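The first residue in the sequence is number 1, and the count goes up from there. For ligands, and for the atoms within them, numbers begin at 1 and follow the listed sequence. Not measured: the values here are computed from a predicted model.
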Amino acid sequence: MKLIVGNWKMNPGSLGEAEKVLRAVKIAAGKATKTKVVACPPHVYLGALRKTAGLSRLALGAQDCFYEDKGARTGETSPAMLASLGVKYVIVGHSERRALGETNEDVSRKIAAAGKHGLNIVLCVGELDRDGEEGVHYARVRDQLRASLEGVPAKHAPQLVIAYEPVWAIGAKAKRAASPEDHREMAILIKKHLVERFGQRPGFAIPILYGGSVDDRNAGGFLREGAADGLLIGRVSLVPEQFNNIVVLANTIK
Ligand code: PGA
């Protein structure tokens, strides 16, 4: 079963538009019986969108959370609050948040907190560029993974999803998407680390998604040749026609 996650980032500009996107995405998600679809809108829309999602197969996710349940933390949102809204997933450690100063230590605390409240966690890792020495990007991702999972109890392994997102491949300024081969190589390294960290079975079972400039033309390559367990999609998650094409496609792949 493939997992297709849409990261809406700070979009769209109004609740009305957000409802429109979600209603459109719901159509494909409802028919994709072999694919899990998750939409991650801005926090402020989650409460209202829960009603729009209704009892559909489409799950809601958040784009971030804090690592405490409540208290004097202006502007933050806790995993407990997200869980109380029926949110099932949370993205943690996205490169756009890391660029604002989020550390691996923050990320690991967020994972443990989200895990405690029963949320599924999409942990993002990825190297900044590939211009350095041969193979340096492998070491970067391994170190980031190790530090981000530091102190995360093994009991939360079943709630974990890893998104490999090479930062140079993300967003409108991306050089290009990575290749399916890039993903496959990195996924092997990630899997090896997860097995060492959580044990053979729980480590191997953690899905690994690809993210970065995914669209409905290159998605199939990542899911087939790239052996990705799913995709984390930014810009195209707000273009329901394209996003739905990807969901339909993913549903045909084992
Ligand atoms: P993109 O973003 O698909 O727009 O490149 C991916 C992401 O940041 O998760």
Side-chain angles (χ1 to χ4, degrees), residues 2-13 17-18 21 24-25 28 35-43 45-46 59-65 87-102 107 110-111 114 119-130 137 140-141 144-145 148 160-180 182-183 186-187 190 207-223 226 228-247 249-250:
K2 303 292 183 191
L3 174 62
I4 307 295
V5 184
N7 174 10
W8 295 12
K9 306 194 178 179
M10 200 171 70
N11 298 296
E17 288 171 86
V21 174
V25 168
T35 307
K36 179 101 209 140
V37 185
V38 183
C40 303
H43 284 171
Y45 299 148
L46 282 166
L60 284 181
Q63 298 170 18
D64 185 33
C65 67
V87 170
K88 300 284 182 236
Y89 285 77
V90 61
I91 298 172
V92 170
H94 190 279
S95 58
E96 287 157 10
R97 298 217 58 87
R98 291 182 188 264
L100 291 174
E102 183 165 275
V107 172
K110 290 179 177 192
I111 295 172
L119 296 170
N120 295 300
I121 302 130
V122 181
L123 165 62
C124 301
V125 293
E127 76 278 7
L128 290 179
D129 57 55
R130 283 209 176 180
H137 53 282
R140 289 223 188 101
V141 171
Q144 205 179 29
L145 199 57
S148 300
L160 270 177
V161 175
I162 308 295
Y164 169 53
E165 296 209 304
V167 179
W168 50 266
I170 295 177
K173 293 198 195 111
K175 292 183 199 153
R176 57 172 177 89
S179 68
D182 289 332
H183 174 80
M186 193 60 86
I190 293 173
I208 303 175
L209 317 184
Y210 169 76
S213 297
V214 172
D215 58 29
D216 59 355
R217 283 161 307 172
N218 63 19
F222 291 109
L223 296 173
D229 298 312
L231 301 164
L232 179 53
I233 303 172
R235 281 156 294 165
V236 163
S237 65
L238 291 145
V239 186
E241 246 174 61
Q242 276 207 51
F243 186 79
N244 287 356
N245 284 344
I246 298 172
V247 170
L249 174 88

Using heavy-atom distances only, which candidate in A169, S237, G234, G171 approaches atom 5 (O) of ligand 1 most closely?
G171

Looking at ligand 1, is there an atom of it that comes within less than 4.0 Å of some heavy atom belonging to G212?
yes

Whether over 12 other heavy atoms sit under 6.0 Å from K88 NZ:
no

Specify whether Y210 and F222 have parallel, tilted or perpendicular ring planes, treating 30° as the upper limit for parallel and 60° as the lower limit for perpendicular.
parallel

Identify, by atom number and element, the atoms of ligand 1 in contact range of N7, meaning under 4.0 Å from any of its heavy atoms.
9 (O)

With sequence neighbours excluded, residues passing ring-ring contact (aromatic ring centres under 6.0 Å, His included) with F243
none

Closest heavy-atom contact between I4 and V247?
CG2-CG2, 4.2 Å

For ligand 1, which atoms have a heavy atom of R235 less than 4.0 angstrom away?
1 (P), 3 (O), 4 (O), 5 (O)

To which protein heavy atom is atom 7 (C) of ligand 1 closest, and what is the distance rounded to 0.1 Å?
E165 OE2, 3.2 Å

Among K9, Q63, E96, which one has a heavy atom closest to atom 8 (O) of ligand 1?
K9

Could you walk me through whether R98 and V107 pass side-chain contact (heavy atoms from CB on, under 4.5 Å), step by step?
CA-CA 9 Å; R98 291 182 188 264; V107 172; 4.1 Å; yes

Would you mind running through ligand 1 and noting each atom that sits below 4.0 Å from a heavy atom of H94?
7 (C), 8 (O), 9 (O)

For D182, enumerate each residue passing the side-chain contact (heavy atoms from CB on, under 4.5 Å) test, keeping only those at least two apart in sequence or located in another chain.
R130, W168, R176, A178, S179

